[in-house]
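A short worksheet on the structure shown next.
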Amino acid sequence: MMNSRTVVVGFIPLLDCAPLAVAVEKGFAAAEGIDLTLVRESSWANIRDRVVVGHFDAAHMLGPMAIASTLGIGHLKVPTIAPLSLGLGGNAITVSNSLWDAMGRYGARAAGDPRTQGNALQLVVRTRERENKPPLTFAMVYPFSAHNYELRYWLAACGVDPDRDVRLIVIPPPLLVDALREGQVDGFCVGEPWNSLAVSVGVGSIVTATAGIWRLGAEKVLGCRLEWAQRRPELLAALIRSLYQAAQWCESPENHAELAALLAQLRYVGAPSAILHRGISNRLRLQPDVEPVSIPDFYVPARHDATFPWTSHALWFYSQMIRWGQIQASTSDLSLVRATYRPDLYRLALAPLGVDVPAVDSKIETDSFFDGRPFDPDSPAAYR
Amino acid sequence: MTEPSPPSNDTTLHLLIVDQNVMRAAVLEEGLREAGYVKVTILRDMQNLMRRIVDIDPDVIFIDLENPNRDVLEQMFQVSRVVHRPIAMFVDRSDSDMIEAAVDAGVGAYVVDGLRKERIKSVLDTAVSRFRAFSKLRVELDQARQALDERKLVERAKGILMKERGLSEEAAYSLLRKAAMNENRKLTEVAQSVVTASRLLR
């Protein structure tokens with residue numbers, strides 16, 4: 001129905017679906033006059049397909065997925081936009097107990113910096129090569145994901161070729177903990193609560209949060225078809241406003257316990273609220289037997305303009321697609337990538353709230369990456 | 001075009017069904033075999049999915065949309081160098097109707113690169129109609145199961161009343177009915193409260 005105020009949004013049960021759940025449960029969506037209906041999904045492929053065929057008006061989407069759909073890599077070319085970011089960070093790299101022990105012999109330690117941990121991993125990899133052992137296997141959740149690129153970035157910067165020295169496979173988050181326990185994988189990069197769950201059941205140790213690899217790094221977005229955004233601009237604007245306010249609510253420490261309990265419900269994430277609380281409060285237990293430690297900016301739902309869809313975030317993802325051979329660099333693609341993230345729609349939607357929003361669309365990342373390499377969004381293809 | 005047009009039903013295609021639901025996989029397999037497809041493989045074990053698929057080497061893969069392992073298949077688009085025949089979802093804009101029909105029916109379909117649309121149209125139609133039939137069957141089964149559960153519940157409530165109040169079966173049933181009418185609730189709800197209360201008081 002053209003005049004319906006219903007907005008159907010798909011999501012994957014992960015910590016950073018929080019603003020969506022809060023927009024419904026705390027009335028931010030209703031206050032903006034929309035009837036927000038959330039549908040829990042079981043795979044990223046479903047999220048993409050159900051946005052494409054119109055089952056969903058919008059979705060909790062991997063940032064690189066919105067870009068891949070716009071470019072038509074591996075699937076139909078469907079112009080897709082990201083007019084809001086669903087927070088920054090929130091992922092971590094977890095390894096099995098036996099790999100953690102092996103890394104410990106080469107200097108890895110609890111809460112060590114990503115460089116120390118990565119160097120230790122690189123030495124484990126070289127030792128295994130000498131001993132003719134099979135390469136280590138790491139899992140991530142989807143080929144077009146921040147998880148894939150962050151894991152690869154860290155490995156490569158520490159001298160491990162992610163395509164040659166290790167095996168990288170996709171495993172859906174709900175199956176990761178079992179895969180680690182059964183030795184099917186030696187490690188993974190995933191969002192919460194899956195890292196903390198692996199630690200809590202004693203099958204893994206968190207090597208580093210991805211916040212250590214890329215501080216305030218881009219992650220998921222609100223994604224929708226450009227066609228829907230053009231057809232229902234006022235509905236999209238209301239959705240952006242309600243999610244912006246929901247994200248602010250998620251950020252406030254006094255709401256953290258309530259947020260954890262809310263997300264613990266089966267219709268949202270369905271994990272123990274104490275486990276979810278770790279990611280929300282940026283205090284992770286990194287190994288089964290050690291006390292939780294503070295990880296600054298581990299998951300940032302609203303601070304630091306976390307909901308702003310930086311064009312430079314889209315361009316970093318694009319640079320990684322090129323770097324890892326998912327696509328060839330091209331000028332025409334570059335303009336499509338720039339048009340995928342939509343800071344203009346974000347500003348337009350938030351104007352009635354009178355809040356501060358960034359005046360520029362892109363930013364140069366000077367000291368955000370752990371290896372100190374700057375990212376200039378004006379030359380993504382030259383960035384290696 | 002000098003090339004003869006391919007048969008509308010290319011039964012030489014090797015089809016793979018990835019489904020953990022035994023009944024649905026059987027319904028789909030039966031449909032495909034009835035349509036004349038002889039090379040149909042069912043994969044229920046999700047361990048090492050990629051390697052298994054490389055070994056089986058199918059032309060078309062069907063996977064139900066409830067299966068989170070769909071994302072494992074998606075990786076095959078990106079690592080085609082390990083797969084000697086790259087597999088992809090339809091990438092042609094003109095295929096969007098096929099995708100829509102499949103997603104509506106709850107099935108994902110992946111096709112080996114280079115297969116012409118005409119060759120897979122008919123097999124996809126068969127899969128979509130079988131998935132729809134299964135969904136309908138499942139709704140009917142759920143309803144039948146629910147009806148059976150409700151009948152069992154009422155039987156248990158009657159039994160409790162007969163034992164505790166020394167009533168005949170008929171009197172126990174009319175007591176339940178009367179309570180349901182007076183409280184404006186369903187018979188099964190009243191039966192459930194009787195069963196729950198009896199468990200709590202035991």
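What's counted below: heavy atoms across the whole structure, side chains too, no hydrogens, waters or symmetry copies. Quick note on labels: first sequence line is chain A, next is B, and so on, each numbered from 1.
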Practice item. Let me know if A/M321 has heavy atoms under 4.5 Å from chain B in its side chain, its backbone, both or neither. Key: neither

Review point. Under a 4.5 Å heavy-atom cut-off, does chain B meet the side chain of A/I169, its backbone, both or neither?
Key: both

Check your understanding: Out of A/S42, A/A45, A/P172, which one racks up the most heavy-atom pairs below 4.5 Å with chain B?
Key -> A/A45

Practice item. Quick one: list whatever passes ring-ring contact (aromatic ring centres under 6.0 Å, His included) with A/H60, sequence neighbours left out. Key: A/W44

Exercise for review: Report yes or no: do A/H55 and A/D49 form a side-chain donor-acceptor pair below 3.5 Å?
Suggested key: no

Study note, to complete from the structure: Counting heavy-atom pairs under 4.5 Å with chain B, the top scorer among A/R50, A/E182, A/Q184, A/E41 is A/Q184

Solution key, residues 131-139 of chain B side-chain donor-acceptor pairs under 3.5 Å, sequence neighbours excluded:
{"from": "B/S135", "atom 1": "OG", "to": "B/F131", "atom 2": "O", "distance (Å)": "3.1"}
{"from": "B/R138", "atom 1": "NH2", "to": "B/E66", "atom 2": "OE2", "distance (Å)": "2.9"}

Review point. B/R156 and B/S198: side-chain donor and acceptor closer than 3.5 Å?
Key: no

